[in-house]
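Here the structure is a predicted model, which means the values were calculated and not measured.
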Amino acid sequence: MHPTILDAHTYRTAEQLLRHNRDKLVFGGKIRPRWIDGGARFWYTVDSAAGRRFILVTPAEGTRHPAFDHQRLAGALAAASGREVDPAALPFAAFEQTSVAVAFHAFGERWTCTLGDYACARTEGAPARNVLEAVAPDGRHAVFRDGYDLRARSLDGSEDWALTDDGTHDRDYGSNPDYYMYSTLLPKIGILHLPPALTWSPDSTRVLTHRSDQRGVRRTHLVQVLPPDGGAPRLLTQRFAHPGDERLPMAEFVVLDIASGKAVPARAEPVAMPMMSPISRQWAWWAKDGSAVYYLDQQRDMKVLSLRRLDPDSGEVRTVLSESGPTRVEPGQYFAQAPMVEVLSEGQEVLWYSQRDGWGHLYLYGTQDGELRTQVTSGPWAVRQILHVDEERRIVYFLASGLNEEDPYRRTVCRVGLDGSGFARVSDDDLDHVVTVPPGAAYFIDSASTNAVEPVTTVRGWDGRVLVVLERADISGLLETGWSPPERFRATAADGETDIYGMLYRPHDFDPAKRYPVLDHPYCFPNANRVSPSFDPGFYGCDAESLAALGFVVIAVDGRGSPGRDKAFHDASYGRIADAVGLADHVAALRELALTRPWMDLDRVGAFGTSAGGFATVRAMLEYPGMFKAGVAEGGMHDIRYAELGVAEAFNGPFDAAAYAEASNVDIADRLTGKLLLVHGGLDDSVSPHLTLRLAERLIAADKDFELLVIPGADHVYVGYDHYLNRRRWDFLVRHLMGVEPPTGYRLTPVSLDMNTVEELFG
């Protein structure tokens, strides 16, 4: 009897829905503004069926139009260069504009095209931006890494000089921890390390950076089995602290004068930087007038957060205010977000985020006495982002979640007086709002959508008035694949009381009379939500959409312990990483959903996920074997005792051997009963491959059957290997949950790596 083979059409459709392809199916869904004239104008690119266009916007005039005549510019550039130029795909990603011309880099040269007669000519001028340099606000100088030190240069090429000369391997300038600074994915896009961690003073005369102290930090190792030169395997060593280690990377702040070379070190203890430089994290910044530097300093146990002021002339440091608590004290629930701290009134006041009343709110303090003046916001909802403080009118504008009855994760634009009066919503709908604020904050760019409502992007005044409509997303290409909006659901957590929210993706060609295998797609770490409330499904959402195209019901859940709600909800994960951010809630949601959706076959449930999602996938199979019958775990953090110190201690608390052992999949590997595929990148410097290999070794000792795929050259996000990983994931789940064979010989197209990737990474 021949096995049933899945139609290759399903794989083709699923491939279209992967993140790098999905954007091509949604025109005008996202814009990335590039500011002109200090934010008074901006341009962006937009794709359509007719190709890519550069759009120029002047909000004060309410205008939006093509930045230039694409057809004429293409013709002029073709004539001048002798190369073919497609007006629908111009060979440059950015340009500079004056009143009479545009300048850009194309074909390895710099060009200027006058807009009167559309004549293009090669021109001398600044070379294309070097992504490894930090350019001053006035555009005259740049600072870059030179070995372990920093150098500065004039952008006109006239000067180049050393800013520091005493850097060493373990005490260098402007570096991040190794796994980030020298990530193994960087050589794939043509660079060996990140730009220096520094920030320029507003007047472009000084930089704030730090000397990184990594003396005594644990060394770990990876093996590059096939080096670029084709030689013998090469050992890659990095400094990588584990939970409980005495030594971790530290940052010693220093202010450097560009002209004189004078160095002013901070006269204070260094700050810990286990995960990322405080400057890269936006935890250190200049006062608007350059008179001071402010930085956040968090104790290693995360229970005390302080705001400190550094005098850039003397190096004197004083504490402005501190807050302590029984669990994490943080300037926002999301790791990647800028801290919600604003120094106001020429340094006399500070707007401070706190969760002391159980919700994330803003408080106004005096900076000289550190005394609380007023609680600015209050109520059973959370401030998510400070957008703008109008100091003259004493009003703060911000994003809040929890004001929407249908979905507490949707963000609303709001305002309130700094004295706590006059609270009002600026956005007048129940959509989710993603906001971008320009330099000068004269307006804001607003993208409004839900998971089922495509985005409309507008420029708005702070009174909420629409100044310019930029884009109404065209999702016709997405609909043509058979895609349908996922269902936003509410269920009851395993405690029988708490509301939890998630997303359910129906299979393509859905038939309620059929029964479908079900996949849970977790990302179970307290630093990010798994489900996005906007139309953009987020980093992991496209994987769910692609598997729905194969014929699975897919769910994703934000269980107790994830961010975006009240502090108690988030703190449910503190010291309890073993719970995988409410994995029991996922099981409760599956059972509740299936009661009213008989087409969900709970006898065929699997899970798949990456990183923390890889940990959660295996945890689901070990803790709930009666529910989860198959899983694909990619880059899993299976034993947090050997994970990155900052991540582990921030979310599981200070190291305790017994508590950390509870969060180990390795120690309970003998419980495995289902079908499991373990995947890891051999050059994963974020979650070391040994975490999966430790699990594999214990599974072998327990005589358990499983599959192991090590991709020797892959990093943590599998850059360059996405096509192979996706196919292997799909094949495994199709075989073990659908009971059919994948299409014979189907191969996915590799993702191309180009300078657009660099643009996405470095802006």
Side-chain angles (χ1 to χ4, degrees), residues 176-186 188 217-224 236-245 248-249 274-276 335-336 521-528 530 539-540 543 573 577-578 580-581 607-620 631-652 655 660-661 663-667 669 676-699 708-722 725 729:
N176 271 273
D178 288 358
Y179 83 95
Y180 188 63
M181 187 73 184
Y182 308 104
S183 170
T184 53
L185 73 81
L186 295 176
K188 299 174 185 178
V217 175
R218 178 192 297 269
R219 264 60 171 173
T220 61
H221 312 280
L222 299 170
V223 176
Q224 189 175 30
L236 302 181
T237 299
Q238 62 178 356
R239 293 158 293 194
F240 191 96
H242 288 171
D245 281 0
L248 69 158
M275 292 179 280
M276 189 182 295
F335 173 77
H521 186 21
Y523 180 80
C524 289
F525 222 63
N527 61 344
R530 171 56 193 83
F539 185 80
Y540 293 115
D543 289 334
S573 56
I577 292 300
V581 186
F608 71 102
T610 298
S611 191
F615 164 80
T617 293
V618 173
R619 197 72 176 187
V632 179
E634 302 155 9
M637 197 181 297
H638 298 298
D639 199 330
I640 200 171
R641 292 171 293 193
Y642 306 97
E644 196 276 322
L645 177 150
V647 170
E649 294 189 3
F651 299 113
N652 208 40
F655 181 75
Y660 273 63
S664 170
N665 286 338
V666 176
D667 288 4
L676 175 62
L677 170 61
L678 296 174
V679 184
H680 220 111
L683 294 182
D684 187 340
D685 50 7
S686 179
V687 177
S688 173
H690 87 262
L691 295 180
T692 285
L693 297 179
R694 287 172 60 83
L695 177 60
E697 182 71 13
R698 191 61 61 84
L699 288 169
L708 174 64
L709 170 61
V710 175
I711 304 178
D715 52 70
H716 189 54
V717 291
Y718 303 94
V719 171
Y721 299 93
D722 312 63
L725 172 60
R729 179 198 306 136

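A donor-acceptor pair under 3.5 Å is formed between the side chain of R530 and the backbone N or O of H521. Panel note: side chain T237, backbone H221; no donor-acceptor pair is recorded below 3.5 Å. Between the side chain of S611 and the backbone N or O of G613 there is no donor-acceptor pair closer than 3.5 Å. The backbone N or O of L691 lies less than 3.5 Å from no partner atom in the side chain of S688, so there is not a single donor-acceptor pair. Side-chain atoms of K188 do not come within 3.5 Å of backbone N or O of G720 as any donor-acceptor pair. In this structure, the side chain of R641 does not engage the main chain of F655 through any donor-acceptor pair within 3.5 Å. No donor-acceptor pair under 3.5 Å is formed between the side chain of S573 and the backbone N or O of P526.
Between D722 and R729 there is no salt bridge, since none of the side-chain N atoms of the basic residue sits less than 4.0 Å from a carboxylate O of the acidic one.
Between P274 and G646, the shortest heavy-atom contact is CB-CA, 3.6 Å. Scanning all heavy atoms of the two residues, the minimum distance from L677 to L708 falls at CD1-N, 4.4 Å. Contact detail for A648 and P243: the closest heavy-atom pair is CB-CG, 3.5 Å. Taking every heavy atom of both residues into account, V717 and D715 meet most closely at N-OD1, 2.9 Å. V217 and P249 get closest at one heavy-atom pair: CG2-N, 3.9 Å. Across all non-hydrogen atoms, the minimal contact from L645 to G244 is CD1-N, 4.3 Å.
The aromatic rings of H242 and H690 lie tilted to each other, with the angle between the two planes from 30° to 60°.
Note that CE of M276 and OH of Y180 are 4.0 Å apart. Values are rounded to the nearest 0.5 Å.
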Candidate pair Y179 and R239, rule side chain to side chain contact (heavy atoms under 4.5 Å, CB included), full reasoning = CA-CA 8 Å; Y179 83 95; R239 293 158 293 194; over 6 Å; no
ask   = Do V679 and L725 pass the side chain to side chain contact (heavy atoms under 4.5 Å, CB included) test, and can you show the C-alpha distance, the side-chain angles, and the key distance before you say yes or no?
value = CA-CA 8 Å; V679 184; L725 172 60; 3.7 Å; yes
key: From CA spacing to verdict: side chain to side chain contact (heavy atoms under 4.5 Å, CB included), F240, D178   = CA-CA 7 Å; F240 191 96; D178 288 358; over 6 Å; no
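Partners of R219 by side chain to side chain donor-acceptor pair (under 3.5 Å), not counting sequence neighbours, listed by chain and number: D170. Taking Y523 as the reference, Y540 meet the ring-ring contact (aromatic ring centres under 6.0 Å, His included) condition, with sequence neighbours excluded.
Between V618 and the choices L695, L699, T692, the side-chain contact (heavy atoms from CB on, under 4.5 Å) rule is met once, by L695. Applying side-chain contact (heavy atoms from CB on, under 4.5 Å) to V687 and the options H716, H638, E644, E634 leaves one that passes, H716.
Sequence neighbours left out, the pairs with a member in residues 679-694 that pass salt bridge (Lys or Arg N to Asp or Glu O under 4.0 Å) are D639-R694.
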